[in-house]
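Throughout, protein chains are lettered first and strands after them, A, B, ... in sequence-line order, and every chain is numbered starting at 1.
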Amino acid sequence: MNSELHFTEKDLRPFYEQQIKLEKLVIDQDVLPDEIKYIAGVDVAYNDDSGEMIGAIVVIDFSTKEIVEEAFHEMQITFPYVPGLFSFREIPAIIEAFKKLKIKPDLIICDGHGIAHPKRVGMATHLGITLDIPSIGCAKKRLIGTWDKDRLHSERGSVEPLILDGEKIGAVLRTQKNVKPVFVSIGHKISLETAYAITLEMCKKYRLPETTRAADQLVNKLMKEKLENDKMA
DNA sequence: GCGACAG
DNA sequence: ATCTTGTCGC
């Protein structure tokens, strides 16, 4: 069953309006616990054939990098993929997964942008404000903005500001030597400097944060299992 | 009008 | 996002 999601420009308007309200609530400074103990990663896997999605959140101990809790939620896809409105597609399943957690994280790293977004309300910002938890956007690809590619060196830890119309909206960060950089921006209740320092700390071994990797692996495993079960029944 | 465009 | 194995390089 290919349950199509038809959204016209008019249908999308209220969501753009909601972004304008959310943008006013962003806090671009550190409002963090004295010591970060738990840090979470989130991700969603989709099955367009069945029209279902699985959202997951994985909580990791910030000092040991070990997974301390996982939660997930399966539900119908309610929103199409529209660049700029990505959070409305992704967030519902993540919120439900979050509710199932016993251990609430001090900070969430999202697989997508924070304020490095046309309306300054990307996935990380939307989620951070909704849950009232500090959040970081760490995306694999640029959405908006430019950076000086010549000044971004190939060494791990090299960082350049992501600029749009003269405004610094994020950081382009090389998390490993000779790999493509990631795009870090603040989500909510954090400063850009803290955001990319923590991101780098979570990328000791790989290009992407351990949080993102853990959430990604979990949803992909769950989706694979689900597809096999559906085939049986 | 023509691209660009998180996952 | 997803379709997809081996393989070149550090």
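Using a 4.0 Å cut-off between charged side-chain N and carboxylate O, E23(A) and R120(A) make no salt bridge. Between K189(A) and D30(A) there is no salt bridge, since none of the side-chain N atoms of the basic residue sits less than 4.0 Å from a carboxylate O of the acidic one. With respect to E69(A) and K100(A), no salt bridge is recorded, no charged nitrogen being found less than 4.0 Å from a carboxylate O. The pair D43(A)-K140(A) does not count as a salt bridge, with every side-chain nitrogen at least 4.0 angstrom from each carboxylate oxygen.
At a threshold of 4.0 angstrom between heavy atoms, the contacts of I91(A) with the nucleic acid are absent. Within 4.0 Å of G137(A), counting heavy atoms only, lies no atom of the nucleic acid at all. Counting non-hydrogen atoms under 4.0 angstrom, N220(A) reaches the backbone sugars and phosphates but no base. Residue-level contact check: K177(A) touches neither bases nor backbone, having no heavy atom under 4.0 Å from any strand.
Protein atom OH of Y81(A) is 10 Å distant from nucleotide atom P of dC5(B), rounded to whole Å. Here dA4(B) presents its P atom at 16 Å from CZ of F183(A), a figure rounded to the nearest Å. Atoms CG (L227(A)) and C1' (dC3(C)) sit 13 Å apart, rounded to a whole Å. Protein atom OH of Y46(A) is 11 Å distant from nucleotide atom P of dG7(B), rounded to whole Å. Between D111(A) atom CG and dA1(C) atom C1' the separation is 10 Å, expressed in whole Å. Distance K226(A) NZ to dA1(C) C1': 17 Å, rounded to the nearest Å. Counting to the nearest Å, the C1' atom of dA6(B) and the CD1 atom of I115(A) are 15 Å from each other. Protein atom CD1 of I54(A) is 11 Å distant from nucleotide atom P of dT2(C), rounded to whole Å.
When the nucleotides dA6(B), dT2(C), dA4(B) are ranked by their closest atom to the side chain of A45(A), dT2(C) comes out on top. In this structure, the nucleotide among dG7(B), dA4(B), dT2(C) sitting nearest to the side chain of R89(A) is dG7(B).
Each of M223(A) and N178(A) was assigned the nucleotide of DNA chain C with the nearest heavy atom; the assignment lying further toward the 5' end belongs to M223(A).
Ring-centre distance between F88(A) and H126(A): below the 6.0 Å cut-off.
Between K140(A) and the phosphate of dA6(B), there is no side-chain N or O to OP1/OP2 separation shorter than 4.0 Å.
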